[in-house]
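Residue numbers count from 1 along this sequence.
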Amino acid sequence: MTSVSPVPDVTLNDGNTIPQLGFGVWQVPDDESYTAVTSALSIGYRSIDTAAIYGNEVGTGRAIADSGIARDELFVTTKLWNGSGETWTADTVRREFDASLDRLGLDYLDLYLIHWPRAMREDYVAIWRAFTELRAEGRVRSIGVSNFQPAQLSRVIDETSVVPAINQIEVHPDFAQPQLRAFHADHGIVTEAWSPLGQGGALLDDPVLARIAEKHQRSTAQVALRWHLQLGNVIIPKSVTPYRIRQNIEVFDFELDSEDLAAIADLDAGNRLGPDPDEFDMG
């Protein structure tokens with residue numbers, strides 16, 4: 001099997017780096033995550049993104065342990081599921097952090113994210129303060145958030161003076177979020193896209209992407225992923241199919257031109273697939 005092109009790193013605002021393309025395991029059952037992550041690591045992925053709520057930290061951790069890859073060559077992300085009704089304190093954050101580390105079988109994390117802002121409860125600031133303590137102790141190298149809007153980002157920055165390294169948000173050609181990405185750029189926050197392919201389906205059948213794909217002799221998925229990379233997004237495409245896992249990382253040996261990028265920009269219809277962060281309370 002031929003090797004894939006190296007994945008470039010993106011520098012975070014804390015000086016650490018993250019591979020621009022990683023492997024996500026959202027909606028992958030725990031027993032399948034071992035096989036999927038093992039396949040990804042064998043192909044050349046070095047960044048793995050999971051979350052407590054995904055229920056697959058155990059299988060993901062087993063794959064990491066069995067890979068034989070040195071820990072310092074990997075970038076492992078998981079997320080705090082802050083959806084319970086309890087009051088979040090430093091102690092409750094630590095309990096959940098320790099549980100994730102235990103399931104993953106790791107001594108530290110490369111990135112820990114608050115999964116949702118729960119804007120109507122506003123406990124994310126207390127959680128963020130606990131995150132900063134974990135980082136200061138060296139238990140996690142970088143800290144960030146997921147699904148935060150400008151108002152919530154501004155609040156954690158203003159009240160703690162610590163800027164999230166990453167905001168992991170829904171971004172794909174049909175929902176490009178230019179205003180939020182511009183806010184990130186202004187504040188030194190890296191945009192990491194979940195569902196970078198729009199969860200497949202209609203987007204990958206789009207005739208504009210199909211025309212560009214034919215032009216470059218690529219798949220529509222590869223065109224969409226290349227669009228993200230040229231915007232500067234970090235991406236974590238998910239698949240359990242070895243062929244697609246490999247195809248998704250083979251996107252560093254071609255480039256979209258300005259005409260391609262303009263055509264893809266016109267696809268943005270503002271169609272959000274996931275929950276609205278201002279309304280989603282997670283139960």
Side-chain angles (χ1 to χ4, degrees), residues 12-14 24-27 49-57 77-104 109-137 139-140 142-171 175 177 179-184 186-195 199 234 236 270-283:
L12 305 176
N13 59 27
D14 57 14
V25 292
W26 177 56
Q27 292 186 324
D49 178 277
T50 183
I53 195 62
Y54 297 171
N56 54 27
E57 289 175 316
T77 302
T78 195
K79 310 175 193 72
L80 171 76
W81 184 252
N82 53 316
S84 69
E86 67 183 303
T87 300
W88 284 91
T89 65
D91 286 342
T92 52
V93 171
R94 285 175 183 277
R95 181 194 68 209
E96 294 302 315
F97 178 84
D98 288 341
S100 280
L101 271 189
D102 184 62
R103 288 188 292 266
L104 286 163
L109 287 176
D110 297 282
L111 178 64
Y112 199 37
L113 305 178
I114 304 176
H115 208 145
W116 288 90
R118 302 177 82 207
M120 64 292 301
R121 300 202 182 198
E122 299 188 343
D123 55 2
Y124 53 84
V125 177
I127 296 171
W128 186 244
R129 287 196 177 97
F131 272 38
T132 67
E133 293 173 5
L134 290 168
R135 187 183 67 173
E137 295 165 6
R139 304 195 66 203
V140 56
S142 297
I143 54 176
V145 296
S146 184
N147 303 301
F148 274 47
Q149 302 280 59
Q152 294 114 38
L153 291 168
S154 294
R155 187 173 176 198
V156 298
I157 294 168
D158 292 344
E159 295 193 24
T160 71
S161 299
V162 178
V163 181
I166 275 177
N167 188 17
Q168 187 183 110
I169 59 172
E170 178 183 347
V171 183
F175 189 61
Q177 300 228 61
Q179 291 81 17
L180 184 50
R181 288 190 291 106
F183 183 96
H184 292 167
D186 289 343
H187 291 80
I189 301 169
V190 167
T191 299
E192 184 172 32
W194 60 260
S195 287
Q199 299 177 23
V234 172
I236 45 171
N271 290 330
R272 186 190 293 277
L273 298 176
D276 185 334
D278 285 326
E279 300 174 358
F280 185 50
D281 193 28
M282 308 145 64

Worksheet item: Sequence neighbours excluded, which residues qualify as side-chain hydrogen bond (donor to acceptor under 3.5 Å, both in side chains) partners of Glu57?
Response: Thr78, Ser100, Arg103

Practice prompt. Determine the sole option in Asn147, Asp49, Thr50 for which the side-chain hydrogen bond (donor to acceptor under 3.5 Å, both in side chains) test with Lys79 is passed.
Written response: Asp49

Worksheet item: Would you say the side-chain atoms of Glu170 pair up with the backbone N or O of Leu273, donor to acceptor, closer than 3.5 Å?
Response: yes

Worksheet item: Trp81 vs His115 aromatic rings, parallel, tilted or perpendicular, using cut-offs 30° and 60°?
Response: perpendicular

Discussion item. For the CG atom of Leu101 and the CZ atom of Arg94, what is their distance to the nearest 0.5 Å?
Written reply: 11.5 Å

Discussion item. Show the nearest heavy-atom pair for residues Pro277 and Pro117, with the distance to one decimal.
Written reply: O-CG, 3.9 Å

Item to complete: Nearest 0.5 Å please: distance from the OG1 atom of Thr191 over to the CD atom of Gln177.
Response: 9.0 Å

Worksheet entry | Close side-chain approach of Arg95 and Thr89, heavy atoms under 4.5 Å | no

Worksheet item: Is the side chain of Glu137 donor-acceptor paired with the backbone N or O of Leu134 at a distance under 3.5 Å, no angle test?
Response: no

Discussion item. How long is the straight-line distance from CD1 of Ile166 back to CG of Leu12, given to the nearest 0.5 Å?
Written reply: 5.0 Å

Practice prompt. Supply the atom-to-atom distance Ile189 CD1 to Ile157 CD1, rounded to the nearest 0.5 angstrom.
Written response: 4.5 Å

Worksheet, complete the sentence: Heavy-atom nearest pair, Trp116 first then Phe148, reads C-CE1, 3.9 Å

Worksheet item: Say you draw a straight line from CZ of Phe131 to CZ of Arg129; how long is it, rounded to the nearest 0.5 Å?
Response: 14.0 Å

Worksheet entry | Non-hydrogen side-chain atoms of Arg135 and Asp14 separated by less than 4.5 Å | yes

Worksheet item: Hey, does Arg155 have a side-chain heavy atom less than 4.5 Å from the side chain of Trp128?
Response: no

Item to complete: Take Leu109 and Leu104, measure what side chain to side chain contact (heavy atoms under 4.5 Å, CB included) needs, and give me the verdict at the end.
Response: CA-CA 9 Å; Leu109 287 176; Leu104 286 163; 3.8 Å; yes

Practice prompt. Using atom types as modelled and distance alone, determine if a side-chain donor or acceptor of Thr160 lies under 3.5 Å from a backbone N or O of Val156.
Written response: yes

Fill in: Exam field: side chain Asn56 to backbone Val25, donor-acceptor pair closer than 3.5 Å
yes

Discussion item. With heavy-atom distances below 4.5 Å as the criterion, would you say the side chains of Leu153 and Pro164 are in contact?
Written reply: yes

Worksheet item: Is any side-chain heavy atom of Phe183 closer than 4.5 Å to a side-chain heavy atom of Asn167?
Response: no

Item to complete: May I ask you to decide if Ser195's main-chain N or O and Trp26's side chain share a donor-acceptor pair within less than 3.5 Å?
Response: no

Item to complete: Kindly indicate whether the side chain of Asn82, heavy atoms from C-beta on, has any atom under 4.5 Å from the side chain of Arg121.
Response: no

Worksheet item: Tell me, do Leu180 and Pro150 make a side-chain contact under 4.5 Å, heavy atoms counted?
Response: yes

Discussion item. Applying side chain to side chain contact (heavy atoms under 4.5 Å, CB included) to Val234 and Gln168, what does each step give before you reach the verdict?
Written reply: CA-CA 9 Å; Val234 172; Gln168 187 183 110; over 6 Å; no

Item to complete: Go through the steps for Gln149 and Ile169 under the test side chain to side chain contact (heavy atoms under 4.5 Å, CB included), then give the verdict.
Response: CA-CA 9 Å; Gln149 302 280 59; Ile169 59 172; over 6 Å; no

Worksheet entry | Nearest heavy atoms of Tyr112 and Glu96, plus distance in Å | OH-C, 3.9 Å

Worksheet item: Is there a side-chain contact between Leu80 and Phe97 (heavy atoms, below 4.5 Å)?
Response: no

